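Everything below concerns the one structure shown next.
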Amino acid sequence: MEKLLNFIDGTYREPVNQQYLDNYEPATGKIYSLIPDSDEKDVALAVEAAEKAFPVWSKMPIEERSAILVRVSEGIQKRMDEFVAAESRDNGKPVSLASHVDIPRAVSNFHFFATAILHFASESHVMEGEGFNYTTRKAIGIVGCISPWNLPLYLFSWKIAPALAAGNCVIAKPSEVTPYTAYLLGKVCEEAGMPAGVLNIIHGLGASVGDAIVKHPKIKAISFTGGTKTGEYIARTAAPMFKKLSLELGGKNPNIIFDDCDFNVMLSTTMRSSFANQGQICLCGSRIFIQRGIYDKFKDAFVERVKDLTVSFPTDPKAKMGALVSLPHLEKVMSYIELAKEEGGTVLTGGGRIFPEGHENGYYLQPTVIEGLKYDCRTNQEEIFGPVVTLTPFDTEEEVLEMANSTQYGLSATIWTNDLKRAHRVADEVHAGIVWINAWLVRDLRTPFGGVKSSGVGREGGWEALRFFTEAKNIFVKY
Ligand code: NAD
């Protein structure tokens, strides 16, 4: 059985305690590799290495640092097939998705921040007749990056790239559920000529490695993406140590469809925003609100399309949806389908497991559409994070805003209408950090990314990320 290793101080190493965890393949339900069950001792070694590396990395000419990160981006691109196969096997997502979305985006993340840092400049503010201020932004030091399993390398690199570009040394922990592409990244960094200790990748459980990263006094900032409950724990733990925190948490995003929208474009995009990555994207629109005039038309057309969606093993070229990430997650999602029935919902299609031939023990679930639920029931308030959507009719803008804004979350929202004024009004009023009008998941890496309410604190992307990973210092000079 293959054993993955930690990447500390530029070398692959076994965990100090020599303990390993099983890594399951969602497509088959079988264990296919072992990952280090690391703990605070490995984190301590990584911090020592990062401390040694920081003066070299943070003072390196910016062009050199940028060139190394460009080479990391190119290194992932060169090993595209290896990364794609690993991501899809580890996560259960179709190979086509990993090759079109996940890995190309990891390539872009490194390239984007490697070049963005070349344009990140100090500010100066003149006070007429008095003097002037200049504000420097320097690397913080050692930072922690903790990421989830749904878009493994995509989200891992989305944090690591700006942290490194800004001159920090990083202690990074991928999800224990999907460790493989993060494991491969160490090799790419070595080949790119990154100095030892600049990026350290430690595998293991959140409660041991994650917790040790959050609690380590020399790790000055934490960038975390994951569940709201975990985020709450991290915030509580880090607050007394005055660590800088960026928290990208859960969502329960509304997809608001007005009856004047461009129906066909809306319908095919709604298929993606509901079921892409088996519905396991924090930005998926799991609550679909449809204006009453087109409710039945939408319901019929949508359900027909959903019934046709091919769920199969990730290497099947016909697969539009693969396996859910783990058995506990599959069970959690299925428990919400049961809850929806108890709450009075009608399952229009889906609701059950699928057993593709040769992959009978994999974690496959039918895409599921439910109607007839109140907007404030648990099914419509809690994050399910799977291929399950609810349909709710509405009459007026005010009514749909009240329903859309009723959850504790506020990550993203999608609005479908051809009425320009209404689009802007609703976009302005909806509780969300990210709004798409007549589109979904169109991403410009320069824009702020993050949520309001229980969906998080802070923003990633563009200058926001580079500001997060630096400390500003203002210096005043008297004329
Ligand atoms: P999770 O919170 O269980 O785990 C996320 C990461 O945190 C993992 O690496 C895990 O090991 C680690 N972790 C767990 N407990 C920890 C602790 N006590 N201290 C430190 N680290 C700990 O989340 P998940 O199940 O991996 O991911 C799904 C969640 O992520 C969903 O809620 C989803 O909405 C959210 N998510 C949010 C975004 C966003 O950008 N807002 C993007 C993707 C996923």
Side-chain angles (χ1 to χ4, degrees), residues 21 23 35-40 43 90-91 101-102 105 109 144-160 171-179 181-182 201-216 219 222-238 243 245-253 276-286 324-326 328-330 332-333 336 382-386 407-412 432-434 441 443 447-461 464-465:
L21 301 163
N23 187 24
I35 72 160
D37 184 7
S38 316
D39 58 31
E40 72 284 354
V43 173
D90 225 16
N91 174 279
V101 177
D102 292 78
R105 178 55 193 279
N109 287 342
C145 296
I146 302 175
S147 61
W149 49 255
N150 64 324
L151 299 164
L153 193 66
Y154 176 133
L155 291 174
F156 197 59
S157 54
W158 181 234
K159 299 184 174 305
I160 291 170
I171 314 296
K173 191 195 101 59
S175 168
E176 61 275 25
V177 186
T178 52
T181 45
I201 301 167
I202 309 181
H203 299 278
L205 299 172
S208 46
V209 178
D211 198 50
I213 292 175
V214 174
K215 287 182 177 157
H216 199 295
I219 299 179
I222 305 287
S223 173
F224 169 80
T225 298
T228 293
K229 275 222 168 75
T230 316
E232 203 182 298
Y233 173 79
I234 289 175
R236 225 180 311 121
T237 311
K243 295 194 180 197
L245 276 186
S246 165
L247 302 173
E248 297 295 335
L249 310 176
K252 187 76 179 174
N253 311 307
N277 205 37
Q278 298 70 248
Q280 303 166 141
I281 300 182
C282 53
L283 305 163
C284 277
S286 54
L324 269 66
V325 79
S326 68
H329 188 60
L330 172 73
K332 176 195 146 185
V333 174
Y336 271 102
E382 297 175 15
E383 187 183 42
I384 300 175
F385 214 54
T407 74
Q408 62 162 320
Y409 297 108
L411 188 54
S412 71
I434 305 150
L441 202 45
R443 293 279 295 117
T447 60
F449 180 90
V452 299
K453 304 201 299 198
S454 302
S455 288
V457 178
R459 294 291 181 275
E460 298 185 316
E464 302 274 350

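Owing to the predicted nature of the structure, the values given are computational and were not obtained by experimental measurement. Residue indices begin at 1 and follow the sequence shown. Counting starts at 1 for both ligands and their atoms, in listed order.
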Logged contact type for Glu176 with ligand 1, heavy-atom cut-off 4.0 Å, is side chain
Any heavy atom of Leu411 under 4.0 Å from ligand 1? The part involved is side chain
Practice prompt. Could you say whether the N/O atoms of Ser455 and ligand 1 ever approach to under 3.5 Å?
Written response: no
Honestly, for Val177 the part within reach of ligand 1 (heavy atoms, under 4.0 Å) is neither
Do any heavy atoms of Gly451 fall under 4.0 Å from ligand 1? no
For atom NZ of Lys332, is the number of surrounding heavy atoms from other residues, nucleotides or ligands below 6.0 Å larger than 12?
yes
Interatomic distance, CG@Asn91 vs CG@Asn277, rounded to 0.5 Å, equals 5.5 Å
With heavy atoms and a 4.0 Å threshold, my read on which part of Glu383 contacts ligand 1 is side chain
Original post:
What do you reckon, does Gly450 put a non-hydrogen atom under 4.0 Å from ligand 1?
Top reply: no
Note: Asn150, heavy atoms under 4.0 Å from ligand 1, region reported as side chain
Looking only at heavy atoms of Ser175, does any of them come nearer than 4.0 Å to an atom of ligand 1?
yes
Going by the 4.0 angstrom heavy-atom rule, the piece of Ile146 near ligand 1 is side chain
Going through the distances and angles, do Thr225 and Lys159 end up as a side-chain hydrogen bond (donor to acceptor under 3.5 Å, both in side chains)? CA-CA 9 Å; Thr225 298; Lys159 299 184 174 305; 2.7 Å; yes
Can you find an N or O of Ser147 that's nearer than 3.5 Å to an N or O of ligand 1? yes
Atom 2 (O) of ligand 1 sits nearest the protein heavy atom Thr230 OG1, 2.6 Å
Contact region, Tyr233 to ligand 1, non-hydrogen atoms below 4.0 Å, reads side chain
Output for pair (Tyr409 OH, Ser286 OG), nearest 0.5 Å, gives 10.0 Å
